[in-house]
Participant: 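This is the structure I want to talk about, given as structure tokens.
Bear in mind the structure is a predicted one, so any value in this text is a computation, not a measurement. Every number for a ligand or one of its atoms is a count from 1 in the order of the listing.
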Amino acid sequence: MTLLSVDDLAMQYGSSQALFGVSFDVAPGEVVALMGRNGMGKTTTIHAICRMVPAMSGAITFDGQDLLRLPSFRAARLGLGLVPEGRRCFAPLTVEENLIASARPGHWDLARIARLFPRLEERRDQKAASLSGGEQQMLAIARALMTNPRLLLLDEATEGLAPVVRQEIWAAIATLKRDSGLAIVVVDKALKELNKIADRAVIIARGQSVWTGRPADLTADLADRYLGV
Ligand code: ATP
């Protein structure tokens, strides 16, 4: 069974084409890593799925529904939980207010968030603006979870964080995979961590998906050619 299916997606910003044919599937409970060098189209792919940028052609199906035919507010309600690059939270609101503002009915609530991120529980009455970068990232993930998504999309969730904080974020993602069975699309540069957590990897190069497989099957040659490692 397929939860998300992206088929030959193309997209352009004004006259500049960014995607030329991206295709991949995500099954329920599966963790799929989008990999590739900077500027190759990973963020654009995620934004197109979340209907933040318009697709030019191709198809995106989520839970059997043609996403590109739905108005974007309806698409969001189907259960796409985006954790955007740059962890945007409502800075003047407290941690708890941020979480409540995102809440939609389902099994994620404040108590469950507190178990996943005890640090957020400790800071629940603090304004988001006063949190550390790592805590803001936890809050961004927690906000997406409070929408009770069926697919979580994480865009560079560990970027710019101290190694110890990164490990906390990876541990939380691993817990989500193990305990909640949530499907996750993850964009990150940490290959070692992606190899551990992802069931499948999709390499995006120059706006096209050029390889899909198990992370364990990613050869040194592919990594050298497409990931620059
Ligand atoms: P990164 O890891 O740097 O975020 P990425 O793989 O996510 O890279 P995208 O951000 O999707 O890449 O960018 C794909 C292409 O689209 C790049 O050439 C980029 O310059 C271009 N692009 C991205 N956003 C815009 C925009 N708002 N307007 C015009 N071009 C854009």
Participant: Do the side chains of Lys42 and Asp155 get close enough for a salt bridge, i.e. N-O under 4.0 angstrom?
Facilitator: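 Answer for the salt bridge query: no.
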Participant: Could you list the atoms of ligand 1 found under 4.0 angstrom from a heavy atom of Met40?
Facilitator: 5 (P), 6 (O), 12 (O)
Participant: Could you tell me whether a side-chain N or O of Asn98 sits under 3.5 Å from a main-chain N or O of Thr94, the two making a donor and an acceptor?
Facilitator: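 Yes: the side chain of Asn98 pairs with the backbone of Thr94.
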Participant: What is the closest protein heavy atom to atom 21 (C) of ligand 1, and at what distance does it sit?
Facilitator: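 Checked against all protein heavy atoms, atom 21 (C) of ligand 1 sits closest to Tyr13 CE1, 3.9 Å.
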Participant: For atom 6 (O) of ligand 1, is the nearest protein heavy atom under 4.0 Å away?
Facilitator: yes
Participant: So Leu176 and Val31, do their side chains get closer than 4.5 Å, heavy atoms only?
Facilitator: no
Participant: Does Arg74 have more than 12 heavy atoms from other residues, nucleotides or ligands lying within 6.0 Å of its CZ?
Facilitator: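 No, CZ of Arg74 has 12 or fewer neighbouring heavy atoms, counting only those of other groups under 6.0 Å.
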Participant: Which of the atoms of ligand 1 are close to Arg37, meaning less than 4.0 Å from one of its heavy atoms?
Facilitator: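 Counting from 1, the qualifying ligand atoms are 6 (O).
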Participant: Is the closest protein non-hydrogen atom to atom 15 (C) of ligand 1 under 4.0 Å?
Facilitator: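 Protein heavy atoms within 4.0 Å of atom 15 (C) of ligand 1 - there is at least one.
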Participant: Can you tell me if Glu85 has a non-hydrogen atom under 4.0 Å from ligand 1?
Facilitator: yes
Participant: Taking the minimum heavy-atom distance to atom 3 (O) of ligand 1, which of Gly39, Gly36, Ala18, Gly14 ranks first?
Facilitator: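 Minimum heavy-atom distance to atom 3 (O) of ligand 1 goes to Gly39.
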Participant: Strictly distance-based, threshold 3.5 Å: is any side-chain N or O of Glu135 a donor or acceptor partner for the main-chain N or O of Ser132?
Facilitator: yes
Participant: Measure from the side-chain N and O atoms of Gln208 to the backbone N and O of Val210, and report whether any donor-acceptor pair falls under 3.5 Å.
Facilitator: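 Looks like no, no N/O pair under 3.5 Å.
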Participant: Can you figure out which of Thr43, Thr45, Ile46 has its heavy atom closest to atom 10 (O) of ligand 1?
Facilitator: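 It is Thr43 whose heavy atom sits nearest to atom 10 (O) of ligand 1.
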Participant: Short list, please: which atoms of ligand 1 are under 4.0 Å from a heavy atom of Thr44?
Facilitator: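 Heavy-atom distances to Thr44 below 4.0 Å select 9 (P), 11 (O), 13 (O), 14 (C).
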Participant: Any side-chain heavy atom of Leu67 sitting closer than 4.5 Å to one from Leu80?
Facilitator: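 Side-chain contact under 4.5 Å: yes.
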Participant: Check each atom of ligand 1 against the heavy atoms of Glu156 and keep those under 4.0 Å away; list them by number with element.
Facilitator: 2 (O)
Participant: Does some non-hydrogen atom of Gly41 fall short of 4.0 Å from ligand 1?
Facilitator: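 True for this residue.
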Participant: Yes or no on salt bridge (Lys or Arg N to Asp or Glu O under 4.0 Å) for Glu121 and Arg124, after CA distance, side-chain angles and deciding distance?
Facilitator: CA-CA 5 Å; Glu121 171 67 6; Arg124 68 192 284 173; 3.2 Å; yes
